[in-house]
Structure formats: structure tokens, C-alpha cells
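Remember, it's a predicted structure, so these values are computed and weren't measured experimentally. All chains are named by letter (A, B, ...) in the order of the sequence lines, taking the proteins before the strands, and each is independently numbered beginning at 1. Note: hydrogens, waters and symmetry copies are ignored here, and every other heavy atom, side chains too, is used.
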Amino acid sequence: MNSFFLTTPIYYVNAKPHLGHAYTTIVADAVIRFHKMLGEDTFFLTGTDEHGDKIMRAAEQQGRSPQEFVDEISASFHDLWPLLGIRHDRFIRTTDLEHRRAVQAFLQRVYDAGDIYFGEFGGHYCYGCERFYTEKELENGLCPQHKTRLEFISEKNYFFKMSRYLPWLKDHIEKHENFIRPHRYRTEVLAMLESGELEDLCISRPKTRLQWGIELPFDNAYVCYVWFDALINYISALGWPNGPDCASRWPGEHLVAKDILKPHAVFWPTMLKAAGLPVYRHLNVHGYWLVRDTKMSKSLGNVIDPLETGRRFGLDAFRYFLLREMRFGEDASFSEDALISRINADLANDLGNLFSRVLSMAAKYFASRVPEPSVLMREDEAVAELCLHSLQNFIQLFGNAQFDTALESLWETVRALNKYVDSQAPWALHKRGDTARLATVMHMLLTAMRKTALCLWPAMPDAAGRMLEQLGSPAAGNAPPVYDLQRESGAFDGLAPGTIVAETSNIFPRIDVKREPSGNVKKAKN
RNA sequence: CGCGGGGUGGAGCAGUUCGGCAGCUCGUCGGGCUCAUAACCCGAAGGUCCCAGGUUCAAAUCCUGGCCCCGCAACCA
């Protein structure tokens, strides 16, 4: 059995989870479910990143210990995912003992191989920003943020010989078209590599400045730089260096947002190379959700709470919206208007109504039993062909991280089925008493709907499960998959005549909106 | 000239690799159907494809120059 390992980033615990975190994790959950349906042995990792300056300061401000502080925020992430219908296999924290041990083992290995050296590092240090500035970055010798005169500090630190692996990395990216996707981020990384600005990576912080981190195994006066620590979670979670899972599941693939492209596209592969480990299979990079054209931020007060939104509009509808609305890789804007529009147009009108009208006719004309089809006509064959084609497209696109386009391709079938209902007019066939033809049409519709429901399971597990149940098939559930998507896309079958289906369906209710003079959209009260 | 992405009917986007009648969803307007969740189906209106120049039988697409927006270069998915 093929194994499929996917990670989200480990989220930095300086704030509570928002829409962005939810998006990444929901996409990951959908991808994992998709691979389950392809019959693969999946492993889904998420977690929290808990070391570094910022955490230390945030904890101090609240007068608490860093550990106490990170415990609380980490729990808010950990507890959120099940409420959003997400089933991860492992939740890692960088403060976990086994992670800390793995980081030290990794450091030691790279150190022993001669790729970590002790060197002098000088720069203009700003205590406000807690970072060094280069001569070029200063504005008239002042910190660009704080406008204060900076001290030149010279400090000894440990460096990872990253530069040594950059030519290899460039070559690898050039040879593997889909290593970093979508393409625009691949282009960006290649530009980074060609700019010649990348140097060796400073991977230590002296304890005199920072204690909240993992101690270097070869020098206890220093702690490890957060990124070097954090990235290793992707293998420490598998039990690296000695756990059996690591050998069977690594290399996996990663899902990240564009802001952390560089650490994942440059630091991490070179780190793996230096440690003699295989590099990951794919880095999937997505954009930002904007709210009224700007980035979400606490100070603007436009942070979207995923749990509240999910509960208000329905978890599955919310998941569908996130996957469908954002072109993977690009930024997208979030608004309740857009969400309601997707729910009504795509889910209620197109899909839900199709489901409802077909089941209702099946009840009326065949007492809710799947009828035996007779001779197929040209338009029936066209529908079957379109449906299978759409399934195959879906599999290809979803597997290539084009979730929006994948779902769009499914809707081609949904729309075609609505047209097919109209053009075949089962009610007219019924009136005319053409039972053979009526049976064929209904069988086509029910079969196509079942296929569609299968593809929807990764995006909307609960709704798709109910659709399948209403079609007399077992729900997919969270158990090992009972469906093989690849096989299902090869033949227009799966619904045996005689199967009992539901009499009616209301899985995707319409949201009634009332437009006020101001243009605001309000949820109407029933 | 730091790097990257983008500017296409009212809104959101595809199309640009490799030039060939400007396409999709939403919204608006008109019609149809009566199986269905005021849904569904058909049709229509609506575009100087950011600007200027160039190449070409032909440019959203290629070339040159310019304008505007966004992101990265700093630990917010």
C-alpha cells in the first residue's frame, strides 16, 4: 500500500487560531481524505511551534512562565481541529521531549558532518526589533522601525553551511517541475537562489539574549534558532532518528502559506540534504485570505473566527467555500456575501436541488427503488461519459493541488444533470407511460449523483456521507475507505437496481437573505 | 534600475506557455418548465482585455516604453 504523509505548518503560538490557520488545516484534511479514497495509507500531522523571542516576551507581558503560556495557546489549536471536522493523526509540539531530542540529534549529525561552524557575526542590533540590521537596511544609521541609533554588536554564533547546498537545490528544483507548486512560487524561489543573496544560516542564539529554546548539543551556552528547530518537527513527529514510521512514511509533502516559503523552500531541503535524508516530495503553497482587501490583523479587528463562521453556516458548507473560492496559490477575499452566494448558488440551487428533485421523482415513479435501465440512447451515453470524465479530471486536479478547479470540474456534471432532467423531462415520460425510458433516465441520474457524492467526500465529509446514505450506499465515514475513487472513475456503475434510496433530501438548505437599503446582507429570520 | 505576482463586461476569475471569432461563475433583464430547496432550463443586454508605440494577414497573448495595485526582502495560514 502506498503511504501518504502530509503536514501543515506547526502554528506559532503567539495568538489564537484564525481563518488562515483553519484554511490550511482544512485543506490538509481534505487532501488526506482524498488520498484515503485512493487507497493510500495516510498520515496527517499538525501541531504548534513554541520557541523563540516572541513567545518569551508575550509570556513575560502576562507575567507567566513561557511553558504555562504555550500550553494554553497550543491547547486552543489542539481543541479547535476536531470541532472543524478535522482528524489529524498526530499533534506535535516543539516543546515535546522527543522533538527536542530529535532536534539535538539532527544538530549533532550535521555538526559531525562538518556543516556547522562557529563564526563571528556582526551587525547593528536593535533591542526593540530584537534583530540585526545590515548597513544597507539602516536609514541614516537609524533603525527603520524605531528610528533609534543602533549599536554595532559583534557576537559569536553557529552557522549552518547552507550555501554549500544551494547549487544542488537549484538543480533539484529545475529538474522537478512540481517540487514547489503552484508554479509562481517555484519561480520566486529560483529567483531567490539566483540573486546570490542567500548565505549561510545563523542557527544559534546566545543564552545571554534568549533562553527559551532548545540547547545546542555541542555548546550549552546557546539555544537553537527557531526555524531550525521548527522544521525538524516534520520528521521528529515520525520518530526520527530511530522510529519505524520515519522509514515507511518519509518523504512526505508539506502544505504552507506563502509567508513561510523561504524556510520551507530553502532552509528545509538543504537541512535534509546535509543530514543525508531524502528531500520532501512537494511543497504546496497557498495565498492569503483577505478581508476587505487587506490582510487580517488584530489591530484592524477584521480577524475571522473560523469556528463561529463554521457553526453559523454549517461546517461542510464552510469547508466547501474555502476550497472552492480560493484559487490555490492566489490570495482570495473572504466575505459573508461570498460565502452565502456559494452556499446558495452551488450547494443549494445546483447540487441540493438536483438531489432533491431526483430523489423525489424516484419516490413518485419507482417507490424509491433504483430502477433497471433499458437501452441507452445517445444523450444517456453523453451524460455517462461526461460524468466519468469529470471524475477523472477531479482526481487529477485535486491530486495536483488545484482544489478550486477540481470542484469546478465536478459542477460541470452537476449542471449537465440539471439540464438532462429538463431535456428528458421524466414527468412527461411518466405521463406518457414510457416506463422503460423513464427507468433509464432515473438510473442515469441516480448513478451520476452517487459518483458526484463520492468526489465530494474529501471536501464535505458529513454532507457527502449523508448523500451516499440517501443513495443506499454505505457512508464513507472515517474508517478505512470502502470506496476506491480511481476504480469508480473508470466505469459508470455502482448502483444496483432494487437499491432503496431516500424519498427526499434537504442536505443543502438555502440561506434566505434580505437585502437592506444599505446593501448589507442579513440572514432572514424564519 | 532588489525580487516576485497582478491590472480582462457591475463583482470575482479563466484565457497569455505555443498569436487565430473574448470565455466561466455570480448579478441584471426577458422567456420556458412544473420533478424540485422562490429552485431548474433557454435566451438577451453589458467589455477602449491599464496606457502609448511597434511586429504581423491577424495581438488580451509577442516586442519596447510607461502608469497603477499587492506580496517578499523582517518569526502573523
Do we see a donor-acceptor contact under 3.5 Å between the side chains of [X] and [Y]?
X	Y	result
R186(A)	N178(A)	no
S74(A)	Y11(A)	no
E177(A)	H183(A)	yes
E503(A)	S368(A)	no
H99(A)	T94(A)	no

Which value, in whole Å, describes the distance between the [atom1] atoms of nucleotides [N] and [M]?
N	M	atom1	value
A73(B)	A60(B)	P	37 Å
C63(B)	C24(B)	C1'	30 Å
G10(B)	G2(B)	P	35 Å
G53(B)	G71(B)	P	33 Å
G5(B)	G47(B)	C1'	24 Å

Gap between atom CG of D346(A) and atom CD1 of I343(A) - 0.5 Å precision
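Between I343(A) CD1 and D346(A) CG, I get 10.0 Å after rounding to 0.5 Å.
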
Which nucleotide, in any strand shown, forms a Watson-Crick or G-U wobble pair with [N], with both distances under 3.5 Å?
N	value
U61(B)	none
A44(B)	U28(B)
G23(B)	C13(B)
G2(B)	C72(B)

When we call it a touch if two heavy atoms are under 4.0 Å apart, what does [X] touch: a base, just sugar-phosphate, or nothing?
X	result
D350(A)	sugar-phosphate
R184(A)	sugar-phosphate
R324(A)	nothing
A348(A)	base

Aromatic centroids of [Y] and [X] separated by under 6.0 Å:
X	Y	value
Y234(A)	H264(A)	yes
F334(A)	F321(A)	yes
F44(A)	F5(A)	no
W411(A)	Y320(A)	yes

Spacing between [X] atom [atom1] and [N] atom [atom2], to the nearest angstrom:
X	N	atom1	atom2	answer
I511(A)	A38(B)	CD1	P	14 Å
L417(A)	C40(B)	CG	P	14 Å
W427(A)	C41(B)	CH2	P	11 Å
N418(A)	A36(B)	CG	P	14 Å
N349(A)	C33(B)	CG	P	21 Å
E336(A)	G12(B)	CD	P	19 Å
Y185(A)	G6(B)	OH	P	10 Å
L323(A)	U25(B)	CG	P	21 Å

RNA chain B contacts made by residues 352-363 of chain A, counting heavy atoms under 4.0 Å
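By residue number: G352(A), N353(A), S356(A), R357(A), S360(A), M361(A).
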
Residues in contact with RNA chain B, drawn from residues 258-268 of chain A - heavy-atom cutoff 4.0 Å
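Contacts with RNA chain B under 4.0 Å: K258(A), D259(A), I260(A).
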
Contact check, side chains of P426(A) and Y365(A), non-hydrogen atoms, under 4.5 Å
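The answer is yes; the side chains approach within 4.5 Å.
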
Donor-acceptor pair under 3.5 Å, Y12(A) side chain vs C76(B) base:
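No, the side chain and the base share no sub-3.5 Å donor-acceptor pair.
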
